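Protein chains get the first letters and strands the later ones, always in sequence-line order, with residue 1 at the start of each. As the structure is a prediction and not an experimental result, all values here were calculated from the model.
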Amino acid sequence: MLNPKLIRSDIKAVAEQLKKRSFELDVTTLESLENKRKACQVESENLQSQRNTKSKSIGKAKASGADIKPLLDEVAGLGEKLDAAKSELAQVQQQMDAIIMGIPNLLHESVPFGKDEGDNVEIRRWGEPKTFDFEVKDHVALGEKGNVVNRWLDFETASKLTGSRYVVMHGQMAKLHRALIQFMLDVHTNEHGYTEVYVPYIVNSESLRGTGQLPKFEEDLFCVDKEAGHYLIPTAEVPVTNIVRDEILDASQLPLKLTSHTPCFRSEAGSYGKDTRGMIRQHQFDKVEMVQMVSADKAWATLEELTLHAEVILQKLELPYRTVILCSADVGFSAAKTYDIEVWLPGQQAYREISSCSCFGDFQARRMQARWRNPETGKPELLNTVNGSGLAIGRTLVAVLENYQQEDGSILIPDVLKPYMGGLEKLS
RNA sequence: GGAAGGGUGGCUGAGCGGUUGAAAGCACCAGUCUUGAAAACUGGCAAGGGUUUACGCCCUUCGUGGGUUCAAAUCCCACCUCUUCCGCCA
């Protein structure tokens with residue numbers, strides 16, 4: 001949520017900035033609502049104030065034994081007028097809130113302008129895509145060996161159990177998947193200073209509002225209980241970030257660096273034809289997430305730092321990747337700036353997103369009322385939130401399979417994962 | 001699932017129809033004392049919003065939403081949530 005004061009005081013500038021992400025702000029509607037709001041609020045506060053003083057004087061009169069009847073007569077019609085004014089104000093405010101909650105975050109000035117994802121800009125590259133002297137297979141082909149009770153990657157059985165876009169993993173493949181999780185959590189907690197957290201995989205709608213998934217993107221979510229407003233998490237970002245909702249942190253608690261492994265659930269509505277083959281786009285996938293809550297002055301540096309934390313994982317796994325900055329058309333609703341990290345997939349001969357690291361400024365914090373107390377002023381200030389995948393487990397598994405494949409279809413285990421695989425050298 | 005008791009400011013915790021936005025304590029900030037620190041003492045200290053050039057003035061907020069009343073932290077109803085006990089069960 002943008003600062004309502006900013007919208008009020010300089011709506012033209014806000015509208016201008018939003019144009020960069022092709023968002024048309026309805027300035028006329030907003031301005032007229034704002035005028036109405038002002039009038040309504042002054043009106044209802046005046047009435048409220050009148051009633052308060054009169055009620056107080058009744059109390060005093062009663063205490064001193066005076067006759068309160070004339071005073072009661074004075075207040076007679078006030079209540080109804082007040083109710084009317086209040087409900088009008090509430091209506092106006094509701095309309096404004098609905099608009100304001102639907103406005104995306106302002107982009108950081110360093111975000112390049114673009115029309116679509118093709119305009120994202122590569123900013124660095126690490127590692128060389130390996131050349132193979134045999135015909136490479138993609139992960140689906142590599143995972144095919146075996147049968148219904150031991151196939152490495154079994155999409156058919158998963159669709160029997162549930163439907164499309166799920167997977168069953170068996171044996172060493174399931175273990176490798178788990179090894180990746182352990183490895184990433186260990187790196188982030190031991191080397192990058194994050195604290196591991198375990199969180200619910202189902203959250204309420206307030207949490208989803210806090211991080212910005214609701215009200216605008218409900219169709220992307222799996223709802224498990226409409227009445228209770230409970231949804232499966234689309235990312236650990238939601239429960240982890242909302243830990244600080246309605247809290248005022250002490251300066252000594254910053255930066256708050258949390259990491260969490262969770263499954264993620266996405267309906268993938270609107271991506272019907274996309275990535276239907278294999279594990280790239282699933283309704284359920286695991287992810288290790290990094291989240292940092294920091295003071296405003298640290299936000300941008302934190303984004304750089306956190307992005308490197310994600311890159312370190314790929315470096316340790318010796319997987320070639322590149323980092324791109326998302327252009328204005330591709331940055332998500334709540335983010336002010338986003339780096340995507342794309343890993344090289346020999347099976348696709350392409351770099352594919354494996355992590356997305358974003359700085360949200362105070363956009364999420366304002367929705368969540370997540371603050372910290374600045375000792376210099378003694379006043380609470382909104383936190384800034386930064387988060388990123390470190391990394392998506394399923395896609396990392398795909399990358400390991402495809403990059404470490406051998407001609408005979410076996411898979412070498414990356415050195416850093418061997419300790420997690422009981423010293424195993426390769427999957428075969 | 002049944003029973004009982006709670007949810008109040010950054011935290012602990014009083015208040016249970018009317019100068020209570022809310023006692024007290026802790027924490028925090030400033031000062032006195034001290035070579036310095038601690039202790040002690042003195043003072044300050046909620047958040048959000050409106051309005052004003054400004055001092056200020058005003059409104060809202062005691063889990064959430066309704067209701068009663070001129071007036072609600074305080075009474076009534078519903079819901080959420082926490083604790084304890086019983087039952088059931090990973």
Side-chain angles (χ1 to χ4, degrees), chain A residues 1-9 11 30-31 33-97 100-101 198-210 214 224-231 239 242-254 256 293 295 362-383:
Chain A
M1 179 177 168
L2 296 180
N3 189 346
K5 275 187 190 154
L6 186 66
I7 296 174
R8 230 175 274 149
S9 63
I11 191 164
L30 217 46
E31 270 180 339
L33 278 172
E34 166 60 14
N35 288 334
K36 220 160 140 192
R37 189 225 99 227
K38 202 177 265 184
C40 287
Q41 185 158 347
V42 169
E43 157 91 356
S44 89
E45 285 189 1
N46 268 335
L47 289 168
Q48 185 70 251
S49 172
Q50 277 180 47
R51 199 190 65 178
N52 287 350
T53 43
K54 295 227 163 101
S55 288
K56 256 180 201 167
S57 60
I58 291 175
K60 275 188 213 162
K62 215 175 170 186
S64 67
D67 181 20
I68 59 169
K69 211 164 214 149
L71 285 168
L72 283 178
D73 292 341
E74 271 183 60
V75 224
L78 250 181
E80 277 169 25
K81 276 207 256 176
L82 220 190
D83 284 346
K86 266 188 185 164
S87 78
E88 201 185 342
L89 176 63
Q91 215 176 31
V92 174
Q93 233 145 20
Q94 217 167 31
Q95 287 176 47
M96 287 188 81
D97 282 353
I100 289 173
M101 285 299 270
Y198 173 86
V199 291
Y201 304 155
I202 294 174
V203 291
N204 57 33
S205 46
E206 287 86 80
S207 295
L208 289 156
R209 279 179 84 81
L214 289 181
V224 293
D225 186 341
K226 190 91 189 162
E227 203 183 343
H230 285 172
Y231 297 82
N242 275 280
I243 288 173
V244 298
R245 190 175 82 219
D246 295 320
E247 300 289 338
I248 300 179
L249 302 186
D250 195 80
S252 65
Q253 295 172 289
L254 303 185
L256 184 61
M293 331 296 176
S295 55
D362 58 16
F363 188 87
Q364 293 182 324
R366 184 170 294 105
R367 290 173 160 236
M368 292 190 298
Q369 279 305 299
R371 295 165 296 173
W372 68 289
R373 196 174 291 279
N374 186 340
E376 282 175 26
T377 59
K379 295 287 171 197
E381 292 176 17
L382 289 171
L383 287 165

Inset, instruction - Identify which nucleotide among B:U51, B:U60, B:C70 has an atom closest to any side-chain atom of A:S55, counting heavy atoms from C-beta outward. - result: B:C70
Legend entry - Any A:Q48 side-chain N or O less than 4.0 Å from OP1/OP2 of B:U60: yes
Inset, instruction - Step through the shown structure and confirm whether more than 12 heavy atoms of other residues, nucleotides or ligands are within 6.0 Å of NZ on A:K36. - result: no
Inset, instruction - With a 3.5 angstrom cut-off on both distances, give the Watson-Crick or G-U wobble partner of B:U34, or none if there isn't one. - result: none
Inset, instruction - State whether A:R371 places a side-chain N or O below 4.0 Å from either non-bridging phosphate oxygen (OP1 or OP2) of B:G48. - result: yes
Legend entry - Nearest-Å distance once atom C1' is located in both B:G21 and B:C59: 13 Å
Legend entry - Presence of A:R51 side-chain N/O under 4.0 Å of B:A71 phosphate oxygens OP1/OP2: yes
Inset, instruction - Starting at atom CG of A:N46, determine the distance to atom C1' of B:U60, rounded to an integer number of angstrom. - result: 15 Å
Inset, instruction - State whether the side chain of A:S55 and the backbone N or O of A:N52 hold a donor-acceptor pair below 3.5 Å, judged by distance alone. - result: no
Legend entry - Any A:K60 side-chain N or O less than 4.0 Å from OP1/OP2 of B:G18: no
Legend entry - Same-atom distance (C1') from B:U69 to B:C57, integer angstrom: 28 Å
Legend entry - Under 3.5 Å: donor-acceptor pair, side chain of A:R209, backbone of A:L214: no
Legend entry - A:S49 side chain, from C-beta outward: closest of B:G49, B:C59, B:A47: B:C59
Inset, instruction - For B:C45 and B:U83, measure between their P atoms and round to the nearest Å. - result: 36 Å
Inset, instruction - Provide, to the nearest angstrom, the distance between the CH2 atom belonging to A:W372 and the P atom belonging to B:A27. - result: 22 Å
Legend entry - Rounded distance in Å between the C1' positions of B:C82 and B:G17: 28 Å
Legend entry - For atom CD of A:E45 and atom C1' of B:C58, their distance in whole Å: 6 Å
Inset, instruction - Give A:K379 one of three labels, base, sugar-phosphate or nothing, depending on what nucleic acid heavy atoms sit under 4.0 Å from its own. - result: sugar-phosphate
Legend entry - Complementary nucleotide for B:G1 - Watson-Crick or wobble, under 3.5 Å: B:C86
Legend entry - Atom P, compared across B:G2 and B:C79: separation rounded to whole Å: 11 Å
Inset, instruction - Please give the nucleotide sitting opposite B:G43 as a Watson-Crick or G-U wobble pair, both distances under 3.5 Å, or none. - result: B:C29
Inset, instruction - With a 3.5 angstrom cut-off on both distances, give the Watson-Crick or G-U wobble partner of B:U81, or none if there isn't one. - result: B:G6
Legend entry - P spacing across the pair B:C62 / B:A22, given as an integer number of angstrom: 14 Å
Legend entry - Rounded interatomic separation in angstrom, taking CD from A:E381 and C1' from B:G48: 16 Å
Inset, instruction - In whole angstrom, give the distance that lies between atom CZ of A:R373 and atom C1' of B:A46. - result: 8 Å
Inset, instruction - For A:R366, answer base if it contacts any base atom (sugar-phosphate contacts may also be present), sugar-phosphate if it contacts only those atoms, and nothing otherwise; contact means non-hydrogen atoms under 4.0 Å. - result: nothing
Inset, instruction - May I have the distance from A:I58 (atom CD1) to B:C70 (atom C1'), rounded to whole angstrom? - result: 4 Å
Legend entry - A:Q91 atom CD, over 12 foreign heavy atoms within 6.0 Å: no
Inset, instruction - Please work out if A:N52 contacts a base, only the sugar-phosphate, or nothing of the nucleic acid, heavy-atom cut-off 4.0 Å. - result: sugar-phosphate
Legend entry - Rounded distance in Å between the C1' positions of B:G13 and B:A46: 16 Å
Inset, instruction - Considering non-hydrogen atoms only, spot the tightest contact between A:N242 and A:S207 and give its length. - result: ND2-O, 2.8 Å
Legend entry - Nearest non-hydrogen partners of A:A370 and A:V244, listed with the distance: CB-O, 3.4 Å
Inset, instruction - Can you tell me, in whole Å, how much space there is between the C1' of B:A54 and that of B:G48? - result: 22 Å
Inset, instruction - For A:I248 and A:W372, work out which heavy atoms get closest and say how close. - result: CG2-C, 4.1 Å
Legend entry - Touch class at under 4.0 angstrom, heavy-atom based, for A:P380 against every strand present: sugar-phosphate
Legend entry - Any donor-acceptor N/O pair under 3.5 Å between B:G18 base and A:K56 side chain: no
Legend entry - Whole-Å distance separating the CG atom of A:L82 from the P atom of B:C58: 17 Å
Inset, instruction - Please tell me which of A:Q50 and A:G378 maps to the more 5' nucleotide of RNA chain B, matching each residue to the nucleotide holding its nearest heavy atom. - result: A:G378
Legend entry - Nearest-angstrom distance from the residue atom NZ of A:K86 to P of B:U60: 7 Å
